[in-house]
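In what follows, chains carry the letters A, B, and so on, assigned in the order in which the sequence lines appear, proteins first and then strands, with residues in each chain numbered from 1.
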Amino acid sequence: MANTILLGTRKGLVVYRRKANRWKVDRVHFTGFPVTLADRDEQGSWWALLDHGHWGCKLHRSDDEGETWTEFAGPAFSEGDETKPGKPATVKYLWAFAAGGATYPNRIWVGTEPGGLFLSEDRGATFSLVRSLWDYPGRAEQWFGGGRDDAGIHSILVDPRDNDHIHIGISCAGVFSSPDSGKTWQVKNKGLRADFLPDPDTEVGHDPHLLVRSQQHPDVLWQQNHCGIFRSTDNGNNWQEISQTDGPARFGFAIAADPADPLAAWVVPADSDAIRVAMELALCVSSTHGGGRTWVAHRDGLPQVQAFDIAYRHALDYRNGELVFGTTTGNCYHSANRGAQWTCLHSNLPMIHSVRFV
Amino acid sequence: MPTIRFTSALSRFFPDLGQTALPGSTVAELLQGAETQFPGLRRYLLDDQGALRQHVNIFVNGERIQDRDRLSDALAERDEVFILQALSGG
């Protein structure tokens, strides 16, 4: 059972602790600064990805659960790197974090906007750009921003069976995978649709909002996409759309998978691309326990009137039957029974960027 | 030597930051010297390509510098350089 939740918010890192079966705010770190993502690695260190705005993006690590933090300069492009011809590349946003897996205990992957994948082999002290992806043919022409100015990498999955095998999600380009720790890349968009392009079946140009894996069934991948919800049972080689045709589970940003049950996942539906609020201003979490063949909308404990909330892509997490999600309007909800019922932990937080059980 | 002053907002990250006289015939050289004294400072002020971050301003004797990309603005012996954050955000 996880007894700590890390919330990355627009105004700091909020740490919840469970004591006597009640969740309470324990501490706030980096007060006033946007924390775009907070997570824990397999060695137990906490990581906070910050966007100072004025002063750029910073990366912080704590080896003692927040008692002390070490700041690292974080990823940076090199002099002469260009997002597009004539447009100098500079890191605008740290958008994805992943530890390297058991094979590579010192390895950290970070994804940025613009769409750089950066690799650290020394636990964050230094990073290098994964040049093979940055130089991938067509990047400058075919990748583009979705909601942000430039394309960005928001998802990094390390295969638990083979830590050299990684998948990344790029908005907008799609899903790419590398079997060799980023030396070579393959596009994995087969079965996706890009309804916002003249050719919805384009090879590159898709908008996965988040990519997750059923960790104990590693060939099963899920994605909440701009154009629906998709699932793969062959490690991303082919995707099948599983959007609900007669209910809310269709558009949104966040998705969480049950590590143990390859048929179970949760999403936080939003109305639509054009209207980014809870559907009919009534907040719900939808779950499937059938691999997306059927969906159930859970509303018990969630506001059903005047709810403008949506959940950002990293702001939903699942652990051992519990779920937690945070919203753009500063509400944080927790469920102890797989989403059937919800309790509001907090209702006046800043905009919530990420939530993680740790 | 030119003197350099900083917005108090930076003191949260660099507690010892204060008005300092440093050698330098350009703003870029001055910041190089400041980096030696306050390691990590340049990354707070400059982006990956060495240009002044979008929401940071540098004034020399009250005038905004001209070259935000290469910081080539010339400095004289008694110049006063002030580094401020722009007004932005919410």
Side-chain angles (χ1 to χ4, degrees), chain A residues 9-12 29-34 36 48 50-60 69-94 110 112-116 118 124-129 131 134 149-150 328 330 350-351, chain B residues 4-18 20 26-59 64-73 81-90:
Chain A
T9 82
R10 192 165 184 270
K11 302 286 184 181
H29 303 273
F30 312 112
T31 304
F33 299 140
T36 56
L50 271 61
D51 172 17
H52 280 293
H54 294 91
W55 317 118
C57 300
K58 314 294 176 198
L59 185 70
H60 295 254
W69 292 89
T70 302
E71 179 181 313
F72 300 106
F77 289 94
S78 299
E79 193 173 337
D81 285 338
E82 294 182 325
T83 306
K84 295 178 182 300
K87 184 178 180 184
T90 194
V91 169
K92 294 184 192 171
Y93 204 73
L94 305 178
V110 170
T112 70
E113 182 218 359
F118 289 85
T126 60
F127 281 88
S128 57
L129 176 67
R131 189 64 61 179
W134 186 250
D149 289 344
D150 294 304
T328 50
M351 176 186 286
Chain B
I4 185 169
R5 286 190 295 151
F6 304 90
T7 167
S8 60
L10 279 166
S11 61
R12 184 164 174 182
F13 317 107
F14 301 93
D16 299 330
L17 211 55
T20 311
T26 65
V27 172
E29 288 179 16
L30 191 72
L31 289 189
Q32 192 58 53
E35 172 71 17
T36 304
Q37 199 159 338
F38 306 104
L41 180 65
R42 284 181 89 250
R43 283 295 298 274
Y44 272 71
L45 306 178
L46 309 182
D47 68 17
D48 302 8
Q49 303 296 333
L52 194 60
R53 291 192 182 279
Q54 185 179 1
H55 298 297
V56 178
N57 286 323
I58 298 181
F59 295 85
R64 201 184 305 258
I65 62 168
Q66 298 295 310
D67 182 2
R68 294 179 62 92
D69 292 330
R70 297 175 55 228
L71 311 175
S72 62
D73 294 53
V81 178
F82 200 0
I83 297 179
L84 288 167
Q85 79 272 35
L87 299 177
S88 63

Kindly assign one of parallel, tilted or perpendicular to the pair B:Y44 and A:W55, based on the angle between their ring planes and the thresholds 30° and 60°.
tilted

Side chain, backbone, both or neither of A:F33 within contact of chain B (heavy atoms, under 4.5 Å)
side chain

Pairwise side-chain contact, A:D81 with B:Q49, heavy-atom cut-off 4.5 Å (strictly under):
yes

Report yes if some heavy atom in the side chain of A:K58 is under 4.5 Å from a heavy atom in the side chain of B:R43; otherwise report no.
yes

Any chance CZ of A:R131 has more than 12 other-residue heavy atoms, nucleotides or ligands included, within less than 6.0 Å?
yes

With a 6.0 Å cut-off (strictly less than), is the heavy-atom count around CZ of B:R70, excluding the residue itself, greater than 12?
no

Could you please state which residues from residues 82-90 of chain A sit under 4.5 angstrom from chain B, measuring non-hydrogen atom to non-hydrogen atom, sorted by number, or 'none'?
A:P88, A:A89, A:T90

Taking atom CG of B:D48 and atom SG of A:C57, what is their separation to the nearest 0.5 Å?
9.0 Å

Just how far is it from atom NZ of A:K92 to atom CD of B:Q54, taken to the nearest 0.5 Å?
8.5 Å

Closest non-hydrogen atom pair between B:R12 and A:F30, with its separation:
NH2-C, 3.9 Å

Mind listing the closest non-hydrogen atom pair of B:V56 and A:H54 along with its distance?
CG2-O, 3.4 Å

